[in-house]
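Everything on this sheet refers to the single structure shown next.
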Amino acid sequence: MRSAAVATTGAAIGVAGLALAHIGPAASWLPPVRDRLMPGLAARGRADHVALTFDDGPDPISTPHFLDLLDELEVRATFFVLGSRVARHPEVVAETAARGHEVAVHGWTHDPQWLPHPQRDVAELRLARDVVEQASGARPVWFRPPFGVLTTGLWRAARRAELRPVLWGAWGKDWEERRTAAEVQHTVLGAVGGGTTVLLHDTAPDGQGEAWRTTLEAVPGIVESCRRAGWDVGALTEHF
């Protein structure tokens, strides 16, 4: 009996160890951990530049508004897109690239990958990479996991898909419907500095809601404040 109990305990510890090894890197979601221990993952770039990035598109309604605004501001950005949405709206990605913006991979869907599924993760990232390349005309470089949850499995899948994982240094919490443009600006500018990558959203993962309108209103003030501080604003390709 005792030997059986010991074996069961050992098996449980082994499973727990494997689970911890898988989800351990997800601690990089915490900004203090990421900024201190993983500046590359935080996408910290050159000191005179701020990278502007948008997640969760493409969306045929909201994304074109951001493209028009960025043209007015003379800013190029990086759009992290979901492969499943690219497959439905490739024309939006084509227009994004035609306007001079960078298109990167945000996964196939917006589901967090807490459990290890090596074959699925690689297959989905490669599929997302390929539809982005087909729609944009350029091979994507970057991968930002949904919710910023970067597990060991996703690290490995990204490497096999020839994508570089990257998160952010400042965000606007702009997915919250009740936030105002002033609140989004305040949240971003409270964390931004030279070399920071900013995370905003040009739509919601399901294309629902109107939070993107608040983000659209907040972007000019964010860009203006960065420029007043002496920082250029642009895409991740210009950041390093």
Side-chain angles (χ1 to χ4, degrees), residues 22-23 25-26 28-29 34 40-43 51-64 66-67 76-168 171 175 197-208 212 235-237 239-240:
H22 176 69
I23 67 172
S28 61
W29 185 88
R34 182 166 67 248
L41 189 57
L52 183 61
T53 70
F54 296 93
D55 280 10
D56 294 350
D59 186 86
I61 296 175
S62 61
T63 304
F66 285 87
L67 300 181
R76 298 295 169 259
T78 300
F79 287 80
F80 284 87
V81 296
L82 297 168
S84 59
R85 301 195 70 177
V86 175
R88 295 197 299 271
H89 308 293
E91 74 286 351
V92 181
V93 173
E95 179 66 16
T96 300
R99 301 258 197 129
H101 302 287
E102 181 180 30
V103 186
V105 174
H106 196 33
W108 183 253
T109 64
H110 205 270
D111 300 322
Q113 308 296 336
W114 288 112
L115 299 176
H117 295 283
Q119 293 182 340
R120 182 202 64 190
D121 292 343
V122 173
E124 289 189 348
L125 280 187
R126 284 177 172 168
L127 182 58
R129 177 200 66 193
D130 291 346
V131 297
V132 167
E133 182 175 8
Q134 184 176 7
S136 68
R139 183 93 163 190
V141 174
W142 313 102
F143 165 58
R144 176 179 287 159
F147 303 104
V149 176
L150 187 62
T151 62
T152 297
L154 284 181
W155 267 106
R156 291 172 177 166
R159 291 187 63 181
R160 291 182 63 182
E162 299 180 313
L163 296 168
R164 175 177 169 182
V166 67
L167 298 181
W168 62 85
W171 62 7
W175 60 86
T197 289
V198 174
L199 164 63
L200 295 169
H201 298 80
D202 60 313
T203 186
D206 59 2
Q208 302 299 310
W212 64 268
L236 277 170
T237 49
H239 198 47
F240 300 100

How long is the straight-line distance from [atom2] of [Y] back to [atom1] of [X], given to the nearest 0.5 Å?
| X | Y | atom1 | atom2 | answer |
| --- | --- | --- | --- | --- |
| Leu127 | Arg120 | CG | CZ | 13.0 Å |
| Thr203 | Gln208 | OG1 | CD | 8.5 Å |
| His89 | Asp59 | NE2 | CG | 6.5 Å |
| Leu125 | Phe143 | CG | CZ | 4.5 Å |
| Ser62 | Phe54 | OG | CZ | 10.5 Å |
| Arg126 | Trp108 | CZ | CH2 | 15.0 Å |

Could you tell me whether a side-chain N or O of [X] sits under 3.5 Å from a main-chain N or O of [Y], the two making a donor and an acceptor?
| X | Y | result |
| --- | --- | --- |
| Thr78 | Leu236 | yes |
| Thr197 | Ala43 | yes |
| Thr53 | Val198 | yes |

Quiz item: Knowing that exactly one of Leu163, Val105, Leu150, Leu199 qualifies, which makes a side-chain contact (heavy atoms from CB on, under 4.5 Å) with Arg144?
Solution: Leu199

Quiz prompt | Pairing residues for His110 by the side-chain hydrogen bond (donor to acceptor under 3.5 Å, both in side chains) criterion, not counting sequence neighbours | solution = Asp56, His106

Practice problem: Can you sort out the partners of Trp175 under side-chain hydrogen bond (donor to acceptor under 3.5 Å, both in side chains), two or more places apart, ordered by chain and number? | Solution: none

By salt bridge (charged side-chain N to carboxylate O under 4.0 Å, His left out), which residues pair with [X], not counting sequence neighbours?
| X | value |
| --- | --- |
| Asp202 | none |
| Arg164 | none |
| Arg139 | Glu133, Glu162 |

Practice problem: Just do the side-chain contact (heavy atoms from CB on, under 4.5 Å) check on Thr237 and Val141 with the steps written out, would you? | Solution: CA-CA 9 Å; Thr237 49; Val141 174; 5.8 Å; no

Quiz item: Do you know which two heavy atoms are closest between Pro58 and Leu82, and how far apart they sit?
Solution: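 Pro58 and Leu82 have their closest heavy atoms at CD-O, 4.2 Å.
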
Practice problem: Of all the heavy-atom pairs spanning Phe66 and Trp212, show the shortest one and how long it is. | Solution: CZ-O, 3.5 Å

Self-check item: Set of residues satisfying side-chain contact (heavy atoms from CB on, under 4.5 Å) with respect to Arg99, sequence neighbours excluded
Solution: Leu67, Asp68, Asp71, Glu95, His101

Self-check item: Note, Leu200 side chain near Leu52 side chain (heavy atom, < 4.5 Å)
Solution: yes

